[in-house]
Each structure stands twice: as structure tokens, then as C-alpha cells.
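Single-structure report; data block below.
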Amino acid sequence: MRRLKALILALLAAAAPVAASAEPRVELVASNLNHPWSIAFLPGGGVLVTERDGGLHRIEGLRMSRVSGVPKVFNQGQGGLFDVVADPGFQQNGLVYLSYAHGTNSANGTRIARAKLVGNSLLEVTPIYTATPLKRGAVHFGGRMAFLPDGTLLVTTGDGFDFREQAQRLDSPLGKVMRITTDGKVPQDNPFVAEAGALGTIYSRGHRNPQGLAFDPVRGVLFEHEHGPRGGDEVNMIRPGRNYGWPVATKGLDYSGATISPYRRYQGMEDAILVWTPSIAPSGLAVYRGTMFPDWNGDLLVGALVDKEVRRIRLSADGKVLGQESLFRSVGARIRDVRVAPDGAVWITTDDPKGKVLRISR
């Protein structure tokens with residue numbers, strides 16, 4: 001009998017650490033950041049994080065250093081410094097790309113600048129793309145970037161709020177996913193290059209305010225999400241030349257409660273793979289690929305500003321939505337960005353004047 005009791009106690013003791021290790025661990029990486037907007041992992045080590053007011057920091061281990069040489073940003077309303085991504089050849093060329101609001105309240109647009117990161121300084125800062133003609137107002141800039149396997153760079157642009165009809169126009173940069181080369185030129189296989197009057201940079205159109213963009217190399221699929229108005233937040237699978245509907249087709253209402261469009265879907269326009277009503281206000285998007293959370297492989301991780309969580313979107317192998325799960329609500333803050341680190345940990349930023357960078361691991 002004593003031997004049986006001892007065996008049971010030993011088994012329970014052995015099992016306890018396994019259960020505890022299954023719970024994600026949240027670690028503070030950095031704090032007191034002004035609305036940290038984006039995270040980029042540098043090949044070879046180190047992390048960059050942007051602040052909306054124009055700050056850029058480099059994190060290495062327990063040390064965070066401010067990076068000099070950041071171009072002036074239009075820091076008003078929703079404007080400011082947005083995304084940062086490293087060049088696929090960063091270890092050879094040291095290049096990084098910044099997206100930000102450029103201009104003034106009466107004339108502004110989403111801009112991308114390329115720079116060489118040397119230590120904690122940006123050198124040879126060169127604007128390579130600006131969404132022109134410029135617009136007025138300090139809202140709906142988009143600003144997320146992602147590289148495709150062919151080395152071309154994508155950037156999202158918002159509809160500018162007051163100019164939503166321009167999301168459908170091929171002569172306007174608003175409400176689009178744009179595709180450029182790393183020196184800002186138009187790839188000649190872009191879908192509207194040969195169309196008279198169209199901007200050759202346009203990759204897809206009909207977007208409202210896209211703040212999530214991630215390419216999944218396993219599926220070969222580009223995922224995007226965007227803010228709806230009052231309801232109608234969307235997750236889309238982006239294909240070149242396609243029209244994603246805004247504002248002709250939407251499942252959201254105007255903030256006043258008025259109908260924006262009588263159409264929830266429209267012939268010739270793409271349906272979202274997922275719609276949130278009421279809105280969760282998605283911001284930041286990652287496709288999970290790693291070993292730390294193996295059950296999440298191939299799923300989407302979406303930051304939620306309103307719902308103050310990360311939303312896991314379970315996907316089938318061909319990208320169909322199988323379900324959703326709420327993660328990390330204990331953080332208790334608006335989530336602006338979510339990224340997967342090379343070791344499989346999940347990093348997030350919190351959106352407030354004293355924002356944090358958090359690492360979630362197991």
C-alpha cells in the first residue's frame with residue numbers, strides 16, 4: 001500500500017511541471033515607449049521597434065538604444081512613424097525600410113524611406129515611395145509593409161477617411177496595397193501597368209485602412225486585414241489585381257449608424273475570409289510558423305486594439321477559417337503589433353503613451 005501511494009505521489013510530482021510549462025510566459029522587454037507601432041527582428045540578432053511619435057529603438061539583450069537619423073514624420077492624429085522591416089539581404093547590405101506619415105495636415109501621404117543601419121544610426125536615408133497626390137487630414141494611413149519572395153516590397157495605404165470612394169479608383173493611391181522594388185520603381189509585372197491612367201504601383205484595391213500584412217511562405221499566400229467602420233473589420237487573402245470591395249461592398253455601417261452601401265458583396269469583388277462585427281480593431285498580423293507553440297502552426301495571430309487581446313485565427317491548410325481563440329487578455333492593453341520571433345516566441349506591443357514590448361514564450 002505504501003509503495004502504491006509513493007508511486008502515485010511520484011507520478012503527480014512528475015506531471016506538475018509539464019502542466020505549468022504549458023502556460024505561456026509573458027516577459028517585459030521594454031517599456032515607456034510612445035505608442036510602439038512595429039517590431040522587426042534583425043537577421044543575425046537584435047530587434048527594432050518604432051514609436052508613433054518618430055522614435056526608433058534597437059534592442060539587444062537587456063539594452064535598448066535610440067537610433068538616430070530617422071526622417072521627420074507627420075505626428076498628428078493617426079499619423080506618425082509606422083512600420084519597420086529589414087531587407088531580405090540585411091546581413092550583406094544593412095538596409096531597413098520605414099513607413100510613416102509625411103507632410104502637413106493639409107497635404108500628407110504615406111511614405112517609405114530606405115536607410116542603412118550602422119550601429120545605432122540610420123545613414124543614406126532615401127525616400128523611395130510617397131502616396132501621391134497628397135491628401136488632407138490625419139487619419140487612415142495604412143502603413144504596413146511586407147516582402148514577397150521575389151524581393152519586391154508591399155505597403156498598404158488607407159483611404160484617408162474622407163476619400164473612401166478613391167479606394168476604387170486606379171488613379172488614386174488611397175485604399176490600396178502597393179508593390180514596388182526596393183529602390184522605389186514599378187515592377188513591370190504589376191497588374192495595372194498597362195492600363196491607361198492607372199498607377200503602376202497598385203497591387204490590389206478596395207481597402208479601407210489596412211494595418212496587417214503578412215506573407216505565408218508555406219501556403220504561398222499574402223494575408224491582409226483592415227479596419228471596417230462600425231463593424232466590418234476584414235481578413236483577406238490578397239491576390240494581384242483583385243478588388244476587395246470598399247466602399248461598394250461592406251458589412252459595416254457608418255459611425256453615425258447610416259448605411260454606407262446597400263451591398264454586402266458585389267459581383268467581381270472579393271469576399272473576406274473573415275469579418276468581425278462588432279469591430280475588434282485589428283492591428284498587426286503574423287502567420288505563426290515555429291516550434292514553441294506547435295498547435296498554432298499555420299494560424300494567424302491578430303492584434304486587437306478594442307478587444308485588448310491577440311486573436312488566434314485557426315486556418316486549414318488551404319486557408320479556410322476553422323475557428324478563433326482569444327489569447328493574452330491578461331495583458332489588459334490595446335495590442336498594436338504582433339510578430340513571431342526566429343525562436344518561435346510571440347512578441348507584441350501595447351498601444352498607449354507608455355507602451356510596452358512583451359515577449360510571450362513557453
Side-chain angles (χ1 to χ4, degrees), residues 23-42 45-68 70 73 75-86 96 98-101 117 120 141 143-145 211-214 225 227 279-288 290 292-293 296 300-312 325-362:
E23 289 298 318
R25 181 171 67 252
V26 180
E27 304 169 74
L28 178 65
V29 176
S31 59
N32 293 315
L33 295 167
N34 182 274
H35 297 277
W37 217 91
S38 178
I39 301 167
F41 299 99
L42 297 176
V47 180
L48 295 178
V49 58
T50 63
E51 296 178 284
R52 196 176 68 195
D53 66 358
L56 178 65
H57 300 269
R58 185 171 188 164
I59 300 172
E60 292 181 299
L62 300 176
R63 183 177 64 186
M64 182 171 71
S65 305
R66 192 174 186 92
V67 176
S68 64
V70 177
V73 306
N75 177 32
Q76 185 174 318
Q78 296 174 3
L81 179 59
F82 304 134
D83 213 350
V84 56
V85 295
V96 296
L98 298 171
S99 64
Y100 55 99
L117 179 66
N120 295 323
F141 291 92
R144 287 291 179 191
M145 294 184 288
Q211 291 191 347
L213 195 64
H225 69 55
H227 292 265
S279 295
I280 69 167
S283 182
L285 174 65
V287 182
Y288 189 85
M292 193 172 291
F293 299 94
W296 299 355
L300 302 182
L301 299 178
V302 177
L305 295 165
V306 169
D307 281 24
K308 298 182 178 180
E309 65 182 16
V310 171
R311 190 69 65 91
R312 173 193 169 201
E325 180 185 2
S326 174
L327 302 173
F328 317 140
R329 289 189 70 90
S330 61
V331 171
R334 291 161 52 90
I335 306 301
R336 171 60 72 180
D337 198 17
V338 54
R339 303 281 175 161
V340 179
D343 65 359
V346 175
W347 289 46
I348 62 176
T349 68
T350 64
D351 181 56
D352 58 67
K354 294 185 177 181
K356 301 174 182 177
V357 177
L358 302 173
R359 177 181 183 268
I360 300 159
S361 62
R362 177 172 286 170

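- You'll find the side chain of Asp307 reaches within 4.5 Å of the side chain of Arg311, heavy atoms only.
- Side-chain atoms of Glu27 and Arg25, non-hydrogen and from C-beta on, do get closer than 4.5 Å to each other.
- At least one side-chain heavy atom of Arg58 sits under 4.5 Å from a side-chain heavy atom of Leu117.
- When all heavy atoms of Pro24 and Phe293 are compared, the closest pair comes out as CG-CE2, 4.2 Å.
- The CH2 atom of Trp37 lies 7.5 Å from the OG1 atom of Thr50; values are rounded to the nearest 0.5 Å.
- For Ala286, the side chain to side chain contact (heavy atoms under 4.5 Å, CB included) partners two or more places apart in sequence, or in a different chain, are Val340.
- Listed here is the closest heavy atom pair of Ser279 and Val306: O-CG1, 4.1 Å.
- Here the side chains of Val346 and Arg359 are not in contact, with every heavy-atom distance at 4.5 Å or above.
- Atom OG of residue Ser361 and atom CG of residue Asp343 lie 8.0 Å apart, to the nearest 0.5 angstrom.
- Atom CG of Leu28 is surrounded by more than 12 heavy atoms from other residues, nucleotides or ligands within 6.0 Å.
- Annotation: side chain of Val47 is not in contact with side chain of Val357 (no heavy-atom distance under 4.5 Å).
- Side-chain contact, His225 with Gln211: no donor N or O sits under 3.5 Å from an acceptor N or O.
- Pro36 approaches Gly355 most closely through the heavy-atom pair CD-CA, 3.7 Å.
- Contacts of Asp352 classified as side chain to side chain contact (heavy atoms under 4.5 Å, CB included), with partners at least two apart in sequence or in another chain: Thr350, Lys354.
- By the 4.5 Å heavy-atom criterion applied to side chains, Phe82 and Ser38 are not counted as neighbours.
- Residues meeting the side chain to side chain contact (heavy atoms under 4.5 Å, CB included) test with Val26, sequence neighbours left out: Leu358, Ile360.
- Atom CH2 in Trp347 sits 5.5 Å away from atom CZ in Phe41 (nearest 0.5 Å).
- Rounded to the nearest 0.5 Å, atoms CD1 (Ile59) and CG (Leu42) are 10.5 Å apart.
- Contacts classified as salt bridge (charged side-chain N to carboxylate O under 4.0 Å, His left out) and involving residues 326-340 (residues at least two apart or in different chains) are given here: Asp83-Arg339, Arg144-Asp337, Glu309-Arg329, Arg334-Asp351, Arg336-Asp351, Asp337-Arg339.
- Between the His227 side chain and the Pro282 main chain, a donor and an acceptor come within less than 3.5 Å of each other.
- Applying the ring pair (Phe, Tyr, Trp, His ring centres under 6.0 Å) criterion to Phe328, with sequence neighbours excluded, gives no partner residue.
- Scanning all heavy atoms of the two residues, the minimum distance from Ala30 to Met64 falls at CB-SD, 3.7 Å.
- For Ala40 against Val85, the heavy-atom pair with the smallest separation is CB-CA, 4.3 Å.
- When side chains are defined from C-beta on, Val96 counts as touching Leu48, because their heavy atoms get closer than 4.5 Å.
- Residues Asp53 and Leu81 are not in side-chain contact: their nearest non-hydrogen atoms beyond the backbone lie 4.5 Å or more apart.
- For Ala214, the side chain to side chain contact (heavy atoms under 4.5 Å, CB included) partners at least two apart in sequence or on another chain are Leu285, Val287.
- No hydrogens or angles considered: nothing links the side chains of His35 and Glu51 as a donor-acceptor pair under 3.5 Å.
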